[in-house]
Amino acid sequence: MDRKLILNLSLLVGQLFLWQSCTHNSHRVTAENTKKNEITAVSISTIGGFTATPSNGYTIRITRDSVYHLFSAIDTAHSTLKSYANTEDKWNLLLDKIDLEKFADAKEEESRQPYDGIDIKISIKAKSGEYTKLNADNNPSWNRIYRQLEESFSPQPLEKK
């Protein structure tokens, strides 16, 4: 009877070690995947449009702590770079709108510049790599990010400063 009890206890302890090992590894893999997909920067660029007037465009690069606006013009003397501190609230609102997998799967459209249109490019830099989509406005994930960028980081308020 003692041998049977010892054998059962040994099997139980072995199962506990195996279970703990499996759950520990799954938490580690989840943490590694989360770290790997951690977003470090988001950018939006507009290029092109209105061939009758000088083309202006802008690029906005947002990180957790900073926002950079580059206003570019054909006459580079009129190009400007402005920057300011980002807030944790704005950064988190932006991150809440991003589903990296759906964004990566978004279908890009062709350039609109040959038809006097404006191209809009959104780039997301994560620890796993950089994901860039051009004119993917038929994708709900791309649109959510675009609307949040326009709402929270639009260049118009900077021009008034």
Side-chain angles (χ1 to χ4, degrees), residues 22-161:
C22 289
T23 58
H24 176 71
N25 285 339
S26 69
H27 289 299
R28 188 181 65 190
V29 169
T30 302
E32 286 173 3
N33 285 343
T34 302
K35 245 184 184 177
K36 186 178 177 185
N37 287 332
E38 181 182 343
I39 296 170
T40 58
V42 178
S43 300
I44 182 171
S45 299
T46 62
I47 306 158
F50 307 111
T51 55
T53 59
S55 179
N56 293 318
Y58 67 86
T59 298
I60 304 171
R61 180 174 170 84
I62 301 114
T63 64
R64 178 177 297 282
D65 57 359
S66 302
V67 178
Y68 301 93
H69 287 252
L70 172 63
F71 298 94
S72 54
I74 291 175
D75 178 1
T76 57
H78 292 102
S79 295
T80 58
L81 175 65
K82 297 180 180 186
S83 63
Y84 60 92
N86 196 6
T87 66
E88 192 72 23
D89 289 342
K90 281 186 172 183
W91 178 250
N92 288 332
L93 278 172
L94 179 58
L95 292 183
D96 286 345
K97 301 294 181 187
I98 298 173
D99 182 331
L100 198 53
E101 287 181 31
K102 288 182 180 178
F103 180 82
D105 291 339
K107 184 180 180 286
E108 292 184 288
E109 298 294 326
E110 292 182 16
S111 174
R112 296 175 181 142
Q113 290 186 52
Y115 311 103
D116 199 24
I118 298 172
D119 285 338
I120 301 172
K121 179 174 71 172
I122 297 176
S123 299
I124 300 173
K125 186 172 182 180
K127 291 189 176 181
S128 60
E130 188 159 359
Y131 306 85
T132 301
K133 298 295 175 180
L134 178 71
N135 300 330
D137 36 354
N138 288 331
N139 181 277
S141 177
W142 191 93
N143 268 321
R144 257 191 318 279
I145 297 166
Y146 175 74
R147 284 192 309 271
Q148 187 62 42
L149 288 167
E150 287 294 307
E151 182 181 310
S152 295
F153 303 100
S154 181
Q156 284 82 13
L158 283 181
E159 293 172 357
K160 295 176 186 174
K161 286 184 178 178

What's the separation between atom [atom1] in [X] and atom [atom2] in [Y], rounded to the nearest 0.5 Å?
X    : Y    : atom1 : atom2 : result
I44  : I122 : CD1   : CD1   : 5.0 Å
L94  : E151 : CG    : CD    : 11.0 Å
L134 : I47  : CG    : CD1   : 7.5 Å
S43  : I62  : OG    : CD1   : 6.5 Å
L100 : D105 : CG    : CG    : 9.5 Å
I145 : S123 : CD1   : OG    : 10.5 Å

Which of these passes side chain to side chain contact (heavy atoms under 4.5 Å, CB included) with [X]: [options]?
X    : options             : answer
S141 : K102, K97, K133     : K102
E109 : I120, N139, N138    : N138
Q148 : L93, N143, I98, V42 : L93

Any idea which heavy atoms bring N135 and S111 closest together, and the distance?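 What the structure gives for the nearest pair is ND2-CA, 4.0 Å.
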
Heavy-atom closest contact (W91 atom, I39 atom, distance):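 Smallest interatomic distance, heavy atoms only, reads CZ2-O, 3.5 Å.
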
Results of side chain to side chain contact (heavy atoms under 4.5 Å, CB included) for N92 - residues two or more places apart only: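 Partners of N92 by the side chain to side chain contact (heavy atoms under 4.5 Å, CB included) criterion, ordered by chain and then number, come out as R64, E88, L95.
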
Check the surroundings of atom [atom1] in [X]: do more than 12 heavy atoms from other residues, nucleotides or ligands lie under 6.0 Å from it?
X    : atom1 : answer
E110 : CD    : no
Y68  : OH    : no
K90  : NZ    : yes

Quick one, I124 with F103, criterion side chain to side chain contact (heavy atoms under 4.5 Å, CB included). Give me CA distance, side-chain angles, the key distance, then yes/no. CA-CA 9 Å; I124 300 173; F103 180 82; 3.6 Å; yes

Where the side chain of T59 meets the backbone of S45, is there a donor-acceptor pair that is under 3.5 Å apart?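 It does not hold such a pair.
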
N86 vs T63 side-chain heavy atoms within contact, under 4.5 Å: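 SC-SC contact between N86 and T63 ruled out.
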
Less than 6.0 angstrom separating the ring centers of H69 and F153, yes or no?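 They do not qualify: ring centres at least 6.0 Å apart.
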
